[in-house]
Amino acid sequence: MRDLKQLVKAYDVRGVVPDQWDESLSRAFGAAFVQVTGASAIVVGHDMRPSSPSLTRAFAEGAAARGADVTEIGLCSTDQLYYASGKLDLPGAMFTASHNPAEYNGIKLCRAGAAPVGENTGLADIRELVQSWIGADDSVTIPAVDVAPGKLTQQDTLRGYADHLLGLVDLTAIRPLKVVVDAGNGMGGHTVPTVLAGLPLDVVPMYFELDGTFPNHEANPLDPKNLVDLQAKVKEVGADIGLAFDGDADRCFVIDERGEPVSPSAITALVAVRELARARANGEEGATIIHNLITSWTVPEVVLEHGGKPVRTRVGHSFIKQEMAETDAIFGGEHSAHYYFRDFWRADTGMLAALHVLAALGGQQGTLSALTAEYDRYAASGEINSTVADQADRSAAVRAAYASLEGVSVDELDGLTIAGDDWWFNLRASNTEPLLRLNVEAKDPAKMADLRDAVLALVRA
């Protein structure tokens, strides 16, 4: 019997189609989602992967068989699905495997108002229920229930999504900008033309054709090799800015006019300043900004300088969203270019972050590199992965080498973080692979490099 623990991860469902899952399992997930959440109606959408339409329809049929009305919004980005969940006040299911290769697909689930569904908030219950419906021969049998089946209806939410975002950022008075956008053949090619239409922007599109086989490059801008084409195009056409979206277009990476990547920490700080100013204009002083513990020290410094309250969290969207709900934070940012907004149901939307950057850049005459220099105060290593046989042993070796040094602080909020006066590093174990992930930052580039190399030597010994 297939083990769904390989398919159902901490935050979503993700695996190879049809080897790990198919329409029969998707139908079961739809039924289980309705049964666990008690929903009487849900909304579903999907990305451009070849397997997405049939998997989505099977899920909708399974949900309808359990009595739930299903609103199908068709092709959409993940944050467009979150918009629909928030606006319609319905639980939602987004079919996507984000930046994974073409043979993968998955489901991101949320409760009404885009509230997250993770392992501890319903996903484990859904997995166990579906598991109970799988026979020894891997056949799936969903028990019948005595309810009237729900209705399936279609609704277009793209214009509403765009209007909602544009209502949160004023771009009407910006100067004309040349913007290169690399959609990576993902859902940015679906959303960007509608969102940016009519603005004073000369948009140069790259790979806008929706193609879930990703013929040009992986739709994963976190990997530097997937930014090369965009960097070259920005310089070739003399653009003011470049934007790169991942496969489901919920993350956005920014390239400056020199073709250089702008750190997601710098983007977090820039957007935080703008959101704090907007909150003050609405009479809200000392608003909270969330940042995870491997964003740059620049972020909390900038938040404090602009009258905000920085709150540090573990890495991962479930922790960010939970902390945002508990603190009523107006904005949150992660090193991975996930950006969360209170006015977007505390969900992540790379498109809204991109609009903030365009508004900031177009609202003054300087270059993007000059604008973001204030938010890039430290030298950072980026995340470095090391394959290790014993994660705990290597972490203990690093702790032993640094924890007793004079003037350092140690915390274990998420992995091991050790900090000095002008440097810090974090070492975290992967939950799914035999990896240790290292992030290092220091005021001085040479200090950062020395510290990075010394810690890596211990990790890889």
Side-chain angles (χ1 to χ4, degrees), residues 46-50 52 75-80 96-102 158 161-162 165-166 171 174-264 266-267 336-339 349-362 367-369 372:
H46 63 81
D47 71 8
M48 66 293 138
R49 291 167 184 272
S52 288
L75 281 167
C76 64
S77 62
T78 290
D79 61 332
Q80 187 184 334
T96 181
S98 186
H99 58 273
N100 284 113
L158 180 57
Y161 158 80
L165 295 181
L166 293 167
L171 291 133
I174 64 170
R175 63 185 169 94
L177 298 172
K178 179 173 281 191
V179 185
V180 182
V181 181
D182 183 347
N185 298 111
M187 292 313 301
H190 172 73
T191 56
V192 168
T194 298
V195 176
L196 299 188
L199 298 173
L201 304 173
D202 177 8
V203 177
V204 180
M206 295 183 68
Y207 314 139
F208 271 36
E209 304 79 19
L210 301 183
D211 188 341
T213 66
F214 306 112
N216 294 290
H217 60 71
E218 290 179 349
N220 179 19
L222 193 58
D223 188 334
K225 73 174 182 287
N226 298 318
L227 295 174
V228 171
D229 291 357
L230 175 60
Q231 291 171 287
K233 181 63 75 172
V234 165
K235 290 189 286 186
E236 175 192 328
V237 302
D240 299 290
I241 183 174
L243 303 173
F245 291 91
D246 66 344
D248 59 336
D250 62 348
R251 288 187 295 157
C252 182
F253 287 73
V254 179
I255 302 297
D256 70 21
E257 80 289 348
R258 305 168 303 171
E260 296 296 323
V262 181
S263 159
I267 299 300
S336 54
H338 282 287
Y339 304 106
T349 165
M351 187 69 76
L352 184 50
L355 293 178
H356 272 287
V357 177
L358 291 170
L361 177 59
T367 62
L368 182 59
S369 60
T372 57

Flag side-chain contact, heavy atom, 4.5 Å: [X] against [Y]:
X    : Y    : result
I255 : L243 : no
D223 : H99  : no
P261 : V254 : no
L166 : L355 : yes
V204 : V181 : no
L158 : V195 : no

Do T96 and S98 pair up side chain to side chain, a donor and an acceptor below 3.5 Å, judged on atom types alone?
no

Would H356 and Y339 count as a side chain to side chain contact (heavy atoms under 4.5 Å, CB included) if you check the C-alpha gap in whole Å, the side-chain angles of each, and the deciding distance to 0.1 Å?
CA-CA 11 Å; H356 272 287; Y339 304 106; over 6 Å; no

Distance, nearest 0.5 Å, that separates [atom1] of [X] from [atom2] of [Y]:
X    : Y    : atom1 : atom2 : result
R49  : T213 : CZ    : OG1   : 10.5 Å
S336 : F253 : OG    : CZ    : 7.0 Å
E209 : D211 : CD    : CG    : 8.5 Å
L201 : L171 : CG    : CG    : 7.0 Å
L352 : C252 : CG    : SG    : 11.0 Å
L177 : L199 : CG    : CG    : 10.0 Å

Measure across [X] and [Y] and return the closest heavy-atom pair with its distance rounded to 0.1 Å.
X    : Y    : value
T194 : A162 : CG2-CB, 3.9 Å
Y161 : Q80  : CD1-CA, 3.7 Å
L230 : A244 : CD2-CB, 3.6 Å
L368 : L361 : N-CD1, 3.6 Å
A219 : G184 : CB-O, 3.8 Å
A249 : G188 : CB-N, 3.5 Å

Partner set under side-chain hydrogen bond (donor to acceptor under 3.5 Å, both in side chains) for T191, not counting sequence neighbours:
none

One pair to check against side chain to side chain donor-acceptor pair (under 3.5 Å): S77 and D248. What are the steps and the verdict?
CA-CA 5 Å; S77 62; D248 59 336; over 6 Å; no

Test salt bridge (Lys or Arg N to Asp or Glu O under 4.0 Å) applied to D182 - qualifying residues, sequence neighbours left out
none

Those residues that, when tested against E236, pass salt bridge (Lys or Arg N to Asp or Glu O under 4.0 Å) (two or more places apart):
K233

N185 and N216: side chain to side chain donor-acceptor pair (under 3.5 Å), yes or no, with the steps?
CA-CA 8 Å; N185 298 111; N216 294 290; 2.8 Å; yes

With distance as the sole test, does [X] use its side chain to make a donor-acceptor pair with the main-chain N or O of [Y] at under 3.5 Å?
X    : Y    : value
S52  : M48  : no
K235 : E257 : no
H190 : L75  : yes

Check this for me, if you would: do R251 and D246 make a salt bridge, where the nitrogen-to-carboxylate-oxygen distance has to be below 4.0 angstrom?
yes

Given side chain to side chain contact (heavy atoms under 4.5 Å, CB included), test T349 with D250 step by step and report yes or no.
CA-CA 5 Å; T349 165; D250 62 348; over 6 Å; no

Evaluate the criterion side chain to side chain contact (heavy atoms under 4.5 Å, CB included) for residue pair V180 and V237; output intermediate values, then yes/no.
CA-CA 9 Å; V180 182; V237 302; 3.7 Å; yes

Please assess L358 against I241 for the test side chain to side chain contact (heavy atoms under 4.5 Å, CB included), listing each intermediate value before the final yes or no.
CA-CA 8 Å; L358 291 170; I241 183 174; 3.9 Å; yes

Validation row, ring centre H217 to ring centre Y207 under 6.0 Å:
yes

